[in-house]
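One-based numbering, in listed order, for ligands and for the atoms of each.
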Amino acid sequence: MMRVQLLDKVFEISITEARIVNAIKNIAKNIAKDLRDKDPLLICVLNGSFMFASDLMKEMSFNCEISFVKLSSYEGTHTTGKVKQLIGLNEDIKGRYVVLLEDIVDTGTTIVNVVDQLKKLGPADVRVATMLFKPEAYTQDMKIDYIGLEIPNDFIVGYGLDYNGYGRNLRNIYTVVE
Ligand code: IMP
Ligand code: MG
């Protein structure tokens, strides 16, 4: 299946499942190097990261835990800006080595917001692992610790990522063409 249609848009395959799997293995290896003795807590930012989180965790052969969070759809007023609240975290992360799992870092606004909120809870360290990274779109100073693949600044779907809710089930990653 080289092309798929989702709602009003057509997408073409741009990254194969094999390349994604390989990139995820690489992330796991690098996390292991840094944190294998630290009992890290992976925190998956839903919804898009569920598939990445599952595949990444299967590559980890050391003690680690996982938790799932979401950003509230509520956005503050114009005066407070677009600060979305992190919801769903039940664990005490004080003193923990946290690795945030993101499907994709685009402008970086989302992940920097999440990192800032988590740092207030007193973890030993917060790192970021993202399956995909759009360097041309990134506007932040924060360093991304673990990157699977760098991709062009185009809209993509698949492997957990969606277009208006659709396309998350696709095994490969597809780029919008029309
Ligand atoms: P950021 O805050 O601009 O970095 O955007 C991050 C979020 O936007 C991701 O967690 C995705 O949910 C979504 N996003 C960014 N780029 C894409 C894309 O190309 N396809 C689907 N979702 C995307
Ligand atoms: Mg996301």
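Considering T107, L46, V112 only, the shortest heavy-atom separation from atom 3 (O) of ligand 1 involves T107.
The closest side-chain heavy-atom distance from P123 to K94 is not below 4.5 Å. Residues I43 and V99 have side chains not in contact (no heavy-atom distance under 4.5 Å, counting atoms from C-beta outward). For the pair R127/V98, no side-chain contact is recorded, criterion being any heavy-atom separation below 4.5 Å from C-beta on. L161 places none of its side-chain heavy atoms less than 4.5 Å from the side chain of R168.
Atoms of ligand 1 found under 4.0 Å from any heavy atom of D162, numbered from 1 in the order shown, are 21 (C). Proximity to T110 (heavy-atom distance under 4.0 Å) selects the following atoms of ligand 1: 1 (P), 2 (O), 5 (O), 6 (C). Per-residue contacts place L161 under 4.0 angstrom from the following atoms of ligand 1 (heavy atoms of the residue considered): 21 (C), 22 (N). Of all atoms in ligand 1, listed by their number and element, those nearer than 4.0 Å to a heavy atom of E102 are 10 (O). Atoms of ligand 1 found under 4.0 Å from any heavy atom of T109 (numbered from 1 in listed order, with element): 2 (O), 4 (O). Residue contact check: K134 has heavy atoms under 4.0 Å from atoms 16 (N), 17 (C), 18 (C), 19 (O) of ligand 1.
When the options D37, I31, D39 are evaluated for a side chain to side chain contact (heavy atoms under 4.5 Å, CB included) with L35, the one that passes is I31.
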Before giving the answer on ring pair (Phe, Tyr, Trp, His ring centres under 6.0 Å), spell out for F133 and Y138 the whole-Å C-alpha distance, their side-chain angles and the decisive distance to 0.1 Å.
-> CA-CA 8 Å; F133 180 55; Y138 195 61; 5.1 Å; yes
Trace of the side-chain contact (heavy atoms from CB on, under 4.5 Å) decision for Y166 with L7:
CA-CA 8 Å; Y166 295 97; L7 304 172; 3.9 Å; yes
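Residue contacts with ligand 1: G108 is placed with a nitrogen or oxygen under 3.5 Å of a nitrogen or oxygen of the ligand (distance criterion only). Taking any N or O of I156, backbone or side chain, at least one lies under 3.5 Å from an N or O belonging to ligand 1.
Between the side chains of E91 and S67, at least one donor N or O lies within less than 3.5 Å of an accepting N or O. Between the side chains of N22 and K25, not a single donor N or O lies within less than 3.5 Å of an accepting N or O.
Under 4.0 Å from ligand 1, not a single heavy atom of I111 appears.
Residue contact annotation: G48 has no non-hydrogen atom under 4.0 Å from ligand 1. Put simply, part of I104 is less than 4.0 Å from ligand 1, judged by heavy atoms. By the 4.0 Å heavy-atom criterion, D154 is counted among the residues contacting ligand 1.
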